[in-house]
Amino acid sequence: MIAAMRILGRVSGLEEGLRLEALERERITDTLRDEVFDRIVEDACAALKAPMGAIAFAENERLWVKAGLGSVHSESPRRGSFCDETLLGDGVMVVEDAARDPRFAINPYVTDTDVRFYAGASLVSRAGFRLGTLSVMDGQPRQLDAEHRKQLKGMAATVVLALEQRRRRGVDVLTGLYTHSFFRETGGRELIRARREGKPLAAAFIAPHFRRSRGSHAPSEMVMRALGLAARRTLREDDLLACYSGEELAVL
């Protein structure tokens, strides 16, 4: 379906909207550094012998870097970037000499930096949405052979797998709700976004009273799960609902 929605190789407005929704569901932008993603970038740079590398996620107007090595900014405008061009393709995009490439020769990403070589692969979710890129860069023009292209694409798939594992770790297996730690991490992310965009942010806590049988000290996971399902039916899809403690729900 995603491929059919492309028009002359450019991303349609409908697809871009769906892609942004898919990225938002990951709740990854504006989160703290993570050694899992840092290690992937380090491995990519080592394998391709590149001094710079990054895992970047593409929002509507900005690129946000989850992990970077070398002189890589934590965020930058998306328009005109290497990442933006990479997201349009299906494979690995290679720019052997950006100063001689008509797409980038007068681009600030080249003229204002020492980047001359770029190779990037899209981070494609299981649903087919391109969430961002894994890339390596160098200050010297160079080429990339077929084996290294294959390696970079494989490492991009590893980033997507790490996202899936992160999402699973954030869910409490007994209640099916987000965990306390995931709520705190995502809460910090949402606070940053609310301040940046000047939007309101509200939190609520739900603390039901459990009637326990004699000798029982643990609340019923079934009750918490049912309460979570009831709360979810009244919330919007992008609201965050978590099991904040053994007897308390939190909503952001």
Side-chain angles (χ1 to χ4, degrees), residues 15-38 55-68 73-78 123 125-127 129-132 159-211 218-252:
E15 181 184 354
E16 176 64 3
L18 294 173
R19 189 195 70 78
L20 291 172
E21 289 178 6
L23 176 60
E24 178 58 27
R25 286 193 294 271
E26 296 294 340
R27 300 183 186 273
I28 187 68
T29 56
D30 293 312
T31 55
L32 299 175
R33 291 191 62 168
D34 188 317
E35 63 178 9
V36 172
F37 296 95
D38 287 343
I55 293 172
F57 294 96
E59 293 187 323
N60 187 37
E61 296 182 352
R62 72 163 181 159
L63 297 177
W64 183 81
V65 174
K66 176 64 175 175
H73 296 296
S74 60
E75 62 179 80
S76 58
R78 175 183 164 188
L123 306 177
S125 70
R126 289 184 183 272
F129 294 110
R130 291 165 172 79
L131 306 178
V159 176
V160 176
L161 179 61
L163 281 174
E164 294 174 357
Q165 292 173 339
R166 173 182 176 274
R167 191 166 57 248
R168 286 196 293 269
R169 287 196 306 269
V171 176
D172 179 74
V173 294
L174 294 176
T175 64
L177 302 172
Y178 286 119
T179 61
H180 182 164
S181 59
F182 190 84
F183 181 85
R184 286 180 63 86
E185 179 187 16
T186 307
R189 163 192 185 265
E190 294 298 336
L191 183 59
I192 291 172
R193 294 185 62 186
R195 286 172 174 169
R196 184 177 69 242
E197 299 174 4
K199 294 182 178 180
L201 185 67
F205 293 86
I206 306 171
H209 294 284
F210 292 94
R211 181 176 296 174
S220 170
E221 287 83 8
M222 292 181 62
V223 172
M224 290 293 285
R225 187 180 185 90
L227 183 60
L229 290 173
R232 173 52 64 195
R233 285 196 292 268
T234 69
L235 296 171
R236 298 166 299 184
E237 184 178 355
D238 57 349
D239 291 332
L240 182 66
L241 176 66
C243 185
Y244 196 75
S245 68
E247 301 183 4
E248 190 175 39
L249 297 181
V251 182
L252 194 65

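Side chains included, hydrogens not; waters and symmetry mates left out as well; all remaining heavy atoms used.
Note that CG of L131 is 10.0 Å distant from CD1 of I28, once rounded to the nearest 0.5 Å. Considering CZ of R169 and OH of Y178, their distance stands at 13.5 Å, rounded to 0.5 Å. In this structure, the separation between CH2 on W64 and CZ on F57 is 7.5 Å, given to the nearest 0.5 Å. From R184, atom CZ reaches atom OG1 of T179 across 11.5 Å, with rounding to the nearest 0.5 Å. With rounding to the nearest 0.5 Å, the separation of CZ in R19 from CD in E59 is 9.0 Å. Note: D30 CG to R196 CZ = 4.5 Å, rounded to the nearest 0.5 Å.
Taking all atoms of both residues into account, the shortest heavy-atom contact from R232 to R236 is NH1-O, 3.1 Å. Across every non-hydrogen atom of G68 and R33, the tightest pair is O-NH2, 4.5 Å. Closest non-hydrogen pair, R62 versus T29, comes out as NH2-CB, 4.2 Å. Annotation for S125 and V160: closest pair CA-CG1, 4.1 Å, computed over non-hydrogen atoms. Nearest heavy-atom pair across A67 and D38 is CB-OD1, 3.3 Å.
Within 6.0 Å of CD in E197 there are more than 12 heavy atoms belonging to other residues, nucleotides or ligands. The environment of CZ in R195 is sparse: at most 12 heavy-atom neighbours from other residues, nucleotides or ligands sit within 6.0 Å.
Under the rule for a side chain to side chain contact (heavy atoms under 4.5 Å, CB included), the partners of L227 that lie at least two apart in sequence or sit in another chain are I206, P208, L249.
Between F37 and L163, the closest side-chain pair of non-hydrogen atoms falls below 4.5 Å. Side-chain contact between E185 and D34: absent, with no pair of heavy atoms (C-beta onward) separated by less than 4.5 Å.
A side-chain contact (heavy atoms from CB on, under 4.5 Å) with L252 is found for exactly one of L191, D239, L201, L241, namely L201. For the side-chain contact (heavy atoms from CB on, under 4.5 Å) criterion with L240, the lone passing option out of L235, T186, L177 is T186.
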### Task
Start with the C-alpha gap between E24 and R189, add the side-chain angles, then the distance that decides, and say whether salt bridge (charged side-chain N to carboxylate O under 4.0 Å, His left out) holds.
CA-CA 12 Å; E24 178 58 27; R189 163 192 185 265; 3.1 Å; yes
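Looking only at distances, no side-chain donor or acceptor of R167 sits under 3.5 Å from a matching main-chain atom of E26. A donor-acceptor pair under 3.5 Å links the side-chain atoms of K66 to the main chain of L32, judged by distance alone.
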